[in-house]
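Computed over heavy atoms, backbone and side chain alike; hydrogens, waters and symmetry mates excluded. Counting starts at 1 for both ligands and their atoms, following the listed order. This chain uses plain numbering: 1 for the first residue, then up along the sequence.
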Amino acid sequence: MKNYIWIANHVKKYWNYALLNILFNLLAVVFNVVSLTLVIPFLGLLFGTQPLVEVKPVFDYSVTSITDSFYYLLSQVIINEGRVQALMWICFLVVILFFLKNMFRYLGMYFVAPIRNGVVKDMRQEVFDKILVLPLSFFSEEKKGDIIARTTNDLSEIEWTILSSIEAIFRDPFAIIFFLATLFYMSPDLTVFVLVLLPLTGLIIGRIGRSLKKAAAQGQEKMGILISMIEETLSGLRIIQAFNAESFSRKKFASTNQTFNVLMNKMYRKRDLASPLSEFLGAIVLVVVMYFGGRLVLGGTGELDPSVFIGFIAIFSQIINPAKSFAQAFYNVQKGIASADRVLEILNAEQKIIEKPNALAKPSFDLAIKYENVQFAYGNAPVLKGINLDIRKGQTIALVGQSGAGKTTMADLLPRFYDPISGTIKIDGIPITDIKLADLRSLMGIVNQESILFNDTVFNNIAFGMTNVTEEQVKAAAEIANAHEFIDKMEKGYFTNIGDRGGKLSGGQRQRLSIARAVLKNPPILILDEATSALDSESERLVQDAIQNLMKNRTSLVIAHRLSTVQHADCIVVMHEGNIAEMGTHDELLSMNGVYKNLYQKQYFN
Ligand code: ADP
Ligand code: MG
């Protein structure tokens, strides 16, 4: 139910278009019915049974007075100009009425377009906005491709199933009711048959609809897996080719692709049942009506005039179409709701990192960062087991230790990518959970092992997320980061596109761009997570220089793999299995003869 409300809420915004759509659809239905009722006088003329109305009826806007007036006018034409001329008039009238009907039908559709596209646009934006604020942990648990599938494929599924059915949902019930009312007016007896048989038909159709939704959900899930595979393959193509794993990848993809194919066949077959099934059921109703109506006519008691009966059949046959398209729309909606559920899962995902409503502004960093008994776990296994650490302003603190010891995790807690399970982190005595998230993150610059760059120009990558940045400022930042020289040599300088994730650059160049970005941001606190460990020693030297420039006059938390790069830190913190094992300067730690010395000797003598 929640999913229907969600969709309805999005459609609500476009109520004015919906109203116009309903209005024009109603007009189209009215003109359709009126044009079809003309078959009655047409047959009357042909068979010579058309009664001549010679007295001008009183006009009072009732259906009877309108038909009577029409018959009076027609009678005048027959009397004055002959039957053939009257036939001409009717044909002419039918053309005009059909033109109007289709014009209104088009106008109805004309106003559906903005609803359909607008709703999808709004939903897409909503999902994207949500992705931006979701905690990082969400993405390590969900497959990236599945999320992409939900934001693209599932949304277009909603568009093509639910929103393309909106018209039918607005139009068809009105049409059916209007047709039924007309039929009832023409012959209440015969209409009773219709009224009994239609709900029965609806029941049968509803049954199949339910199983369709389940199949659709499975299909969308498989689609998510497929997109995941494509995404992984795109980013891992180098390794796939290097390890001759093409056929492995191909088989893996082919098997999921095949399962998807089988599922989809099943689903389309179910979905496509809607239209023929309802047409067939409609035909049965029609035959029943024809049989009983025919008996009334043949009875010759004058209960039912043959031309009225044929008019009745003509209008009844028009119910079949909206009933059919309504059944189809119903099935489509069932299919689309499965996708809506998947999109809603993202939108309803818990936003674990929440800014308190009365969060404090914190424009500057003045004294110290303090970890107080901080514990953390991704799942059940503890990753940080009670960390206590003081970082005073201006200090350089190095985090070293085996891989998996919890260094990255410890650094990630500072900008609140995750929140600790217990314990607090304070900046200048204020718990970071009390600080405005944007303010907190403005205090920090982060350079990771893998430089995160975007498919954009050098300029935009350095000035990322900042407004009103001049070319001079970017250039100055690049110079500090040892990057200006290579940027200058590029084809369009600062306006060269660097390709997907900076694919057109070397690792060292990418890293220097990340550093330039941090320089430009000019944050008081720096977090460097193995910023040089992915580099060869030549580029490491360049990057290391850049880092030295960057660290001047700042407080830094440096995670280092190579101990040689952090020997001069004010304090080296040795992490071991989620605990701080030792702490001190390089010389102090060496003299302790502990974990650090062990690590150092291993690296030194390698
Ligand atoms: P380090 O940076 O010291 O190498 P990390 O902080 O990255 O260590 O990881 C510490 C532990 O947490 C490791 O055992 C790792 O397997 C686990 N871990 C890291 N990131 C995640 C994650 N996103 N989800 C689950 N476990 C994780
Ligand atoms: Mg790490």
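In this structure, atom 19 (C) of ligand 1 lies nearest to the protein heavy atom Tyr378 CE1, 3.3 Å. Nearest protein neighbour of atom 13 (C) of ligand 1, counting heavy atoms only, is Gly404 O, 3.9 Å. Atom 8 (O) of ligand 1 has Gly406 N, 3.3 Å as its closest protein atom, hydrogens excluded (heavy atom only).
Counting heavy atoms from C-beta outward, Ile527 and Pro415 have side chains that approach closer than 4.5 Å.
Between Asp428 and Lys393, no side-chain nitrogen of the basic residue sits less than 4.0 Å from a carboxylate oxygen of the acidic one, so the salt-bridge criterion is not met. Checked for salt-bridge contact, Lys436 and Glu355 miss the test: no charged N lies under 4.0 Å from a carboxylate O.
Residue contact annotation: Thr408 places an N/O/S atom under 2.8 Å from the Mg ion (ligand 2).
Each of the atoms 1 (P), 2 (O), 6 (O), 7 (O) of ligand 1 lies under 4.0 Å from some heavy atom of Thr408.
Using cut-offs of 30° and 60° on the angle between ring planes, the pair Phe459 and Phe495 is parallel.
Across Ile425, Asp439, Asp419, a single residue satisfies side-chain contact (heavy atoms from CB on, under 4.5 Å) together with Ile432, and that is Ile425.
Per-atom contact check: atom 15 (C) of ligand 1 does not touch the protein, criterion being a heavy-atom distance below 4.0 Å.
With distances taken over non-hydrogen atoms, the option nearest atom 5 (P) of ligand 1 out of Thr409, Asp529, Val383 is Thr409.
Using modelled atom types, one finds a donor on one side chain and an acceptor on the other under 3.5 Å when comparing Asn3 with Asp341.
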